[in-house]
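All values below were derived from every heavy atom in this structure, side-chain atoms included, with hydrogens, water molecules and symmetry-related copies excluded.
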Amino acid sequence: QVQLVESGGGLVQAGDSLRLSCAASGRTFSGYGMGWFRQAPRKEREFVAAISGSGGSTTYRDSVKGRFTISRDNAKNTVYLQMNSLKPEDTAVYYCAASRHMGPDVGVLRYNYWGPGTQVTVSS
């Protein structure tokens with residue numbers, strides 16, 4: 001069982017930066033691929049970024065490439081999402097997820113554990 005808690009969301013202006021953190025419980029954090037997803041009102045939950053258990057492999061959705069960076073610190077059981085040059089269309093609830101597969105995985109169904117989410121709002 002893995003429990004996840006996100007933090008770092010907030011209200012920012014277009015062009016600003018935010019860093020989301022996701023703290024995970026458990027002793028085998030490095031055995032899980034980790035991902036960030038987001039869901040805007042009246043839209044499906046969508047993949048944002050993912051990282052393998054070792055941190056050696058990452059993947060991103062096209063619209064965030066070059067602006068967002070996913071990383072992890074396995075000693076701290078934490079995964080991060082650095083978001084730069086934020087745009088109003090990045091506004092959503094952001095969710096951290098853990099996959100029993102080493103990853104990185106892009107599909108929602110590949111993830112077994114989810115955090116409660118953190119709101120990110122970008123004003124124009």
Side-chain angles (χ1 to χ4, degrees):
Q1 189 76 14
V2 176
Q3 293 183 322
L4 305 170
V5 179
E6 304 94 339
S7 62
L11 172 62
V12 297
Q13 294 186 331
D16 286 350
S17 297
L18 276 177
R19 188 176 82 155
L20 305 184
S21 298
C22 173
S25 66
R27 299 181 180 179
T28 58
F29 179 67
S30 61
Y32 291 87
M34 299 298 296
W36 286 97
F37 291 77
R38 66 188 181 188
Q39 188 166 17
R42 298 174 298 280
K43 291 190 176 181
E44 296 287 321
R45 189 169 298 190
E46 64 181 22
F47 166 76
V48 176
I51 189 167
S52 61
S54 66
S57 182
T58 59
T59 189
Y60 299 89
R61 74 178 297 109
D62 287 345
S63 63
V64 308
K65 284 179 182 177
R67 300 189 299 124
F68 291 11
T69 303
I70 188 171
S71 61
R72 66 190 296 162
D73 185 338
N74 286 343
K76 296 182 178 180
N77 281 17
T78 302
V79 62
Y80 306 97
L81 185 68
Q82 177 67 43
M83 306 186 294
N84 299 330
S85 302
L86 282 161
K87 303 176 180 180
E89 51 263 44
D90 294 318
T91 295
V93 177
Y94 282 71
Y95 298 90
C96 171
S99 170
R100 295 193 191 101
H101 308 282
M102 288 300 288
D105 290 306
V106 304
V108 171
L109 296 180
R110 297 281 285 180
Y111 288 83
N112 309 100
Y113 306 100
W114 294 82
T118 186
Q119 177 70 47
V120 172
T121 303
V122 185
S123 65
S124 57

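- Atom CG of residue Asn77 and atom SG of residue Cys22 lie 10.0 Å apart, to the nearest 0.5 angstrom.
- Asp105 approaches Ser99 most closely through the heavy-atom pair OD2-OG, 3.6 Å.
- Residues Val79 and Val48 fall within the same hydrophobic cluster, defined by Ile, Leu, Val, Met, Phe, Trp and Tyr side chains chained together at heavy-atom separations under 4.5 Å.
- Two residues are said to be in side-chain contact when any heavy atoms from C-beta on lie closer than 4.5 Å; Val108 and Trp114 meet this criterion.
- When all heavy atoms are compared, the tightest approach of Glu6 to Tyr95 is OE2-CA, 3.4 Å.
- Residues Asp90 and Val120 are not in side-chain contact: their nearest non-hydrogen atoms beyond the backbone lie 4.5 Å or more apart.
- Interatomic distance, NZ of Lys87 versus OG of Ser63, reported as 7.5 Å (0.5 Å rounding).
- With Asn112 contributing its side chain and His101 its backbone, the two residues share no donor-acceptor pair below 3.5 Å.
- Ser17 and Ser85 get closest at one heavy-atom pair: OG-N, 4.2 Å.
- Ring geometry, Phe68 versus Tyr94: the interplanar angle falls from 30° to 60°, so the pair is classed tilted.
- At distances below 3.5 Å, at least one donor-acceptor pair connects side-chain atoms of Arg72 with backbone N or O atoms of Phe29.
- In the displayed structure, Glu46 atom CD is contacted under 6.0 Å by more than 12 heavy atoms of other residues, nucleotides or ligands.
- For the pair Cys96 and Trp36, the minimum side-chain heavy-atom distance is below 4.5 Å.
- In terms of heavy-atom proximity, Tyr111 sits nearest to Ala98 at CD2-C, 3.5 Å.
- In this structure, CD in Gln39 is found 11.0 Å from CD in Gln119, a value given to the nearest 0.5 Å.
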Given side chain to side chain contact (heavy atoms under 4.5 Å, CB included), test Phe47 with Arg110 step by step and report yes or no.
-> CA-CA 11 Å; Phe47 166 76; Arg110 297 281 285 180; over 6 Å; no
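- Under the 4.5 Å side-chain contact rule for hydrophobic residues, Leu20 and Leu4 share a cluster.
- Under a 3.5 Å cut-off, the side chain of Tyr60 and the backbone N or O of Ile70 do form a donor-acceptor pair.
- The distance from the CD atom of Gln13 to the CG atom of Leu86 is 11.5 Å, given to the nearest 0.5 Å.
- When all heavy atoms of Ser25 and Gln1 are compared, the closest pair comes out as OG-O, 4.4 Å.
- Leu81 and Ala49 get closest at one heavy-atom pair: CD1-CB, 4.1 Å.
- Residues Thr69 and Tyr80 form no side-chain contact, since every pair of their non-hydrogen atoms from C-beta on lies 4.5 Å or further apart.
- The only option from Asp16, Val12, Val122, Leu18 that meets the side-chain contact (heavy atoms from CB on, under 4.5 Å) definition with Met83 turns out to be Leu18.
- To the nearest 0.5 Å, atoms CZ (Phe37) and CZ (Arg61) are separated by 10.0 Å.
- One hydrophobic cluster holds both Met34 and Tyr113 under the rule that ILVMFWY side chains link at heavy-atom gaps under 4.5 Å.
- Proximity of a side-chain donor or acceptor of Ser124 to a complementary backbone N or O of Pro88 within less than 3.5 Å is not detected.
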